[in-house]
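Within every chain, numbering begins at 1; the chains are lettered A, B, ... in the order of the sequence lines, protein sequences first and strands thereafter.
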Amino acid sequence: MDIFKENLQKFIINIIKKEKNVDVSKPEAEKLIKNPPDDSFGDYCLAAYYMLNYGFKGKPETVAEEVFNFCKMQFNKIERLFDKIEIKGAYVNFFVNKEKFVSEVIKEVAASGSDYGRGVPGKRLTVVIDFSSPNIAKPFGVGHLRSTVIGMSLSNIYAFCGHEVIKINYLGDFGTQFGKLIAAFCRYNDIDFNEFKKDPVKVLYELYVRIHKDEQTDATALEEAKRRFKTLEDFISANKPGLEDYLGSLNFKKSDGFPVGETGNGSEKEEGYKEIKLSEKNKNDFCETPAGQYNLWRLFRKLSIDEFKRIYKSIGIEFDAYEGEALSAEFSNDIKEILLERGIAKISEGAVIVEIKGIKAPALIAKSDGASLYLSRDIVTAILRMAKYNFDKMIYVVGSEQALHFNQLFGIFGVLKENAGKIKDSKNFKHYASMIDGRLVHVKFGRIIGMSTRKGNLVFLEDYIEEARLKAQEKLEERPKILENTLSNEIYEAGKELAEGTEGAETLINSAEGRVNIKSDKELTESEKEQIYSTSLKVGIGAVIFNDLKTRRTTDVNFNWDNVLSFEGQTGPYLQYTVSRINSLMSKSGLLNSINENMEFSFSKNDADFNDIFLISKQISGFQSAVNSAMEQNEPSVLSSFALELASHFNKYYQNYRLIGNAPDYIKPRLLMLSSVRTVLISMLSLLCIPVLEKM
RNA sequence: GCGUUCAUAGCUCAGUCGGAUAGAGCAACAGCCUUCUAAGCUGUGGGUCGCAGGUUCGAAUCCUGCUGGACGCACCA
């Protein structure tokens, strides 16, 4: 917490109270004090026009003068923290006591460690965040990456601010497409079961593509798919519980989430799947009976989820619960009937629709053949989640192309709340459905345009990361190694020994200077190779994730390989590099053991580097408000920008002032300062799902 | 046609909910490694904030219109 800003706020509130007898609330006071655009104007400023809201009158300049005089009269109240006050045009500018400011900030970071900036909210909210949501039996493409990293980062941010977060992955596991999959599996007799064992998702995807192709020429393919899906649907809904009972059975604990799929046949225990063994021989057992197809579907889903989990794990993403559309589909019919019966929905052109004020497009909740639709499943899902988690807020991280869908969904809960009185013979449904209005948020994001492989195909996430990793490895390998440094030193020394001015000396010195080009012939050991692999992988992941988080989420991103694969400037690797640079500096100082949060230290404004240290501290002190602002706007990019700025401050400092070689008393406080930079940078990298590297 | 949304440097983007002189990074050019990691740092050039009005002390930011792009508008998700 920035005690300087806080005290300044109180100071101004008191002045307003004393002079104009107006009370200013805390959030209003927050807006009163701002940061000037340029440091030469001061550290905090008060714009006179804001004072017009609190009883001050006249031109901004004269008001500023009036306020300035009041501030001056009572300056003794804040002179412990502030050096001076200035008036400039319509602004009153405040200059902090820089020495005090720097040591306060550094002390606080040192004392709080990784908890620095962590919030304690007035009210701890339960926030459900629904993100990623891929379709099963399809490869995880980069299209899902944006939702995944934005969702994960928001989850981190809400949790960091002290809220209870439930991360849900809502899988597309239902619909005719799965009928297609089952049909394909049963139709084709040349499935390679060895390959299926090794990479099931790949085989499933190939089956899907194959039957999709066959549909163009063979009408029976689609028919079979539809028939098999109907079989599956009927089988699942045959044993489902009533909606009321099911809602009543859900508890309010985060616990283990929903079962991944359906309610009907209950026990979805992990072990159950191990018994399902597919082979050429028993294949028909699964294709002929409804129960067999049902198991087949469960197996496909399980295999897909395992594959997703593997990928998520590789980029550090995890969920509290995996849900499937199938679960919601079971209850879609119940919802439809309640709404129709009470006149909340009506039939139009054979389909069931709900009309919502302010939205022209009618919300379609059931097809004319009675089958459920996306929207009706989302209605069910929200109600189930309310019953299960009692959330205060639910965030859907989904592309902006679905804005209409979510407006309709949110609108329907408004309608449900309004018409709650009409729903009489239901307790649970009525209760939960009418609670939801106003708690749903669509966090939309722009499209990624022009994303394709160099050959023009859809890009799979893993290939994407591998491309970035290779680039990182290339950079790592061209970096001069210790051996080469020594070598170039020797050449340099040898050159110097030659008579000055001779051609030979010049050549040798040049070759030493071009040490980047000196390659070592030495074979790398296995552990060095592993080191390079794991480092380059983390850098690659960092580059890819940061690329999706650095811009405001709503803007469409023009995808460009060169931009993603450039690791210079405003990139994830730049941030990772900065952290490892601090690490390296700190360990080389040899003073690590004498640095701790309790050490006595101070900075003098006479030191040559003082102003830069002050700027760094100022940046650090803005961390918490950056996190808050990221949360309020559901916008991780606020943190990306903040992190880049802090890293840039450090790198400038690093370039301009040399630490090692100075007296320990000079180095120690600065190491503590750098350690607080590192602490904050690491916090931000973690919030942004970017791997932290010890060394690069 | 209706709706949503966007337009800022050659390119990719910031711009602290209307405030002080519109900022970064790439790319270009010129510099900085025998000294703590050059994935870094310094400097130069580059802008009528799409166009036209309006609102007021004050507009890249709010309102209206226009132009141009993206997305969405009934049984896909």
*Asks:* Please give the distance between the C1' atoms of B/A39 and B/U8 as a whole number of Å.
*Replies:*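 28 Å, rounded to whole Å.
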
*Asks:* Do the rings of A/Phe229 and A/Phe174 sit parallel, tilted or perpendicular, given the 30° and 60° boundaries?
*Replies:*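 Taking A/Phe174 first and then A/Phe229, their aromatic rings stand perpendicular (interplane angle over 60°).
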
*Asks:* If you compare every side-chain N and O of A/Arg447 against the phosphate oxygens of B/C6 (OP1, OP2), does one of them come in below 4.0 Å?
*Replies:*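 Answer no for this pair, as no side-chain N or O of A/Arg447 is under 4.0 Å from OP1 or OP2.
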
*Asks:* Inspect the contact between A/Lys618 and A/Asp43 and indicate whether a charged nitrogen and a carboxylate oxygen are less than 4.0 angstrom apart.
*Replies:*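 Yes, this pair counts.
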
*Asks:* What's touching nucleotides 74-77 of chain B from the protein side, N or O pairs under 3.5 Å?
*Replies:*
from, atom 1, to, atom 2, distance (Å)
B/A74, N1, A/Ser348, OG, 3.0
B/C75, O2, A/Ser368, N, 2.5
B/C75, O2, A/Ser368, OG, 3.4
B/C75, N3, A/Ser368, OG, 3.2
B/C75, N4, A/Glu349, O, 2.8
B/C76, OP2, A/Lys367, NZ, 3.2
B/A77, OP1, A/Arg377, NH2, 3.2
B/A77, O3', A/Glu325, OE1, 2.9
B/A77, O3', A/Glu325, OE2, 2.9

*Asks:* State the pairing partner of B/G10; accept Watson-Crick or G-U wobble contacts with both distances under 3.5 Å, and report none otherwise.
*Replies:*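 Across any shown strand, B/G10 pairs with B/C26.
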
*Asks:* For B/G65, which nucleotide is its Watson-Crick or G-U wobble mate, given both distances must be under 3.5 Å?
*Replies:*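 The answer is B/C51, by the H-bond criterion.
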
*Asks:* Do the charged groups of A/Asp173 and A/Arg301 touch, with an N to O distance under 4.0 Å?
*Replies:*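 A salt bridge is present here (some side-chain N lies under 4.0 Å from a carboxylate O).
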
*Asks:* Please measure how far the P atom in B/A74 lies from the corresponding atom in B/G3, and state the result in whole Å.
*Replies:*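 That atom pair is separated by 15 Å.
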
*Asks:* Can you check whether A/Tyr44's main-chain N or O pairs, donor with acceptor, with A/Asn35's side chain at less than 3.5 Å?
*Replies:*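 Not at all, since once roles are kept as given, no pair shorter than 3.5 Å links the two residues.
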
*Asks:* Side chain of A/Glu568, heavy atoms from C-beta onward: which of B/C41, B/A20, B/A39 has the nearest atom to it?
*Replies:*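 In terms of side-chain proximity for A/Glu568, the closest of B/C41, B/A20, B/A39 is B/A39.
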
*Asks:* What's the gap between B/A7 and B/C66 when it is taken at their C1' atoms, as a whole Å value?
*Replies:*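 Approximately 14 Å lies between the C1' atom of B/A7 and that of B/C66.
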
*Asks:* Would you indicate which nucleotide in B/U35, B/G40, B/C57 comes nearest to any side-chain atom of A/Tyr577?
*Replies:*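 The listed nucleotide nearest to A/Tyr577's side chain is B/G40.
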
*Asks:* Flag this pair as yes if the NZ/CZ of A/Arg670 is under 6.0 angstrom from the six-membered ring centre of A/Tyr666 and inside a 45 degree cone about the axis; otherwise no.
*Replies:*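 That pair qualifies as a cation-pi contact.
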
*Asks:* Check the geometry between A/Tyr574 and B/G40 and answer yes if their rings are stacked (centres below 5.5 Å, planes below 30°), otherwise no.
*Replies:*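 By the stated criterion, A/Tyr574 and B/G40 do not stack.
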
*Asks:* Go ahead and name the base partner of B/A70; Watson-Crick or wobble counts if both distances stay under 3.5 Å, otherwise write none.
*Replies:*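 Base partner found: B/U4.
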
*Asks:* Rounded to whole angstrom units, what separation is found between the CD1 atom of A/Ile660 and the P atom of B/U37?
*Replies:*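 The answer, rounded to whole Å, is 7 Å.
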
*Asks:* Has A/Lys588 got a side-chain N or O lying under 4.0 Å from the OP1 or OP2 atom of B/U37?
*Replies:*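 It does, given that an N or O in the side chain of A/Lys588 lies less than 4.0 Å from OP1 or OP2 of B/U37.
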
*Asks:* Evaluate the criterion ring-ring contact (aromatic ring centres under 6.0 Å, His included) for residue pair A/Phe406 and A/Tyr396; output intermediate values, then yes/no.
*Replies:* CA-CA 9 Å; A/Phe406 284 105; A/Tyr396 295 92; 4.8 Å; yes

*Asks:* Write down the partner of B/G58 under the Watson-Crick or G-U wobble criteria, each distance required to be under 3.5 Å.
*Replies:*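 Pairing partner: none.
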
*Asks:* If the glycosidic angle is within 90 degrees of 0 it's syn, otherwise anti, so just tell me which one B/C33 is.
*Replies:*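 The base of B/C33 is oriented syn (glycosidic angle within 90° of 0).
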
*Asks:* Does the structure show a Watson-Crick or G-U wobble partner for B/G40, both distances under 3.5 Å? Name it, or say none.
*Replies:*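 The base-pairing partner of B/G40, which may sit in any strand shown, is B/C32.
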
*Asks:* Can you tell me the base-pairing partner of B/A20? Count Watson-Crick or G-U wobble geometry only, both distances below 3.5 Å, and say none if there is no partner.
*Replies:*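 Partner of B/A20: none found under 3.5 Å.
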
*Asks:* On a whole-Å scale, what distance lies between the P atoms belonging to B/C71 and B/C13?
*Replies:*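 Comparing P positions in B/C71 and B/C13 gives a spacing of 16 Å.
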
*Asks:* Rounding to the closest angstrom, what is the interatomic distance between B/U16 and B/A52 at atom P?
*Replies:*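 Pairwise P distance, B/U16 against B/A52, rounds to 24 Å.
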
*Asks:* Does a side-chain N or O from A/Arg581 land closer than 4.0 Å to OP1 or OP2 of B/A38, or not?
*Replies:*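 Yes.
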
*Asks:* How far does the C1' atom of B/G15 sit from the matching atom of B/G25, given to the nearest Å?
*Replies:*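 Going atom to atom, C1' in each nucleotide, I get 15 Å.
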
*Asks:* Which one, B/A20, B/A70, B/U37, comes nearest to the side chain of A/Asp556?
*Replies:*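 The answer is B/A70, which lies nearest to the side chain.
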
*Asks:* Is it true that A/Arg552 and A/Glu635 make a salt bridge, defined as a side-chain N closer than 4.0 Å to a carboxylate O?
*Replies:*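 Looking at A/Glu635 together with A/Arg552, the answer is yes, because their closest N to O distance falls below 4.0 Å.
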
*Asks:* Since syn is defined as within 90° of 0, does B/C57 count as syn or as anti?
*Replies:*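 B/C57: anti.
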
*Asks:* Measure the acute angle between the ring planes of A/Tyr653 and A/Tyr657, then classify it against the limits of 30° and 60° as parallel, tilted or perpendicular.
*Replies:*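 A/Tyr653 vs A/Tyr657 ring planes: tilted.
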
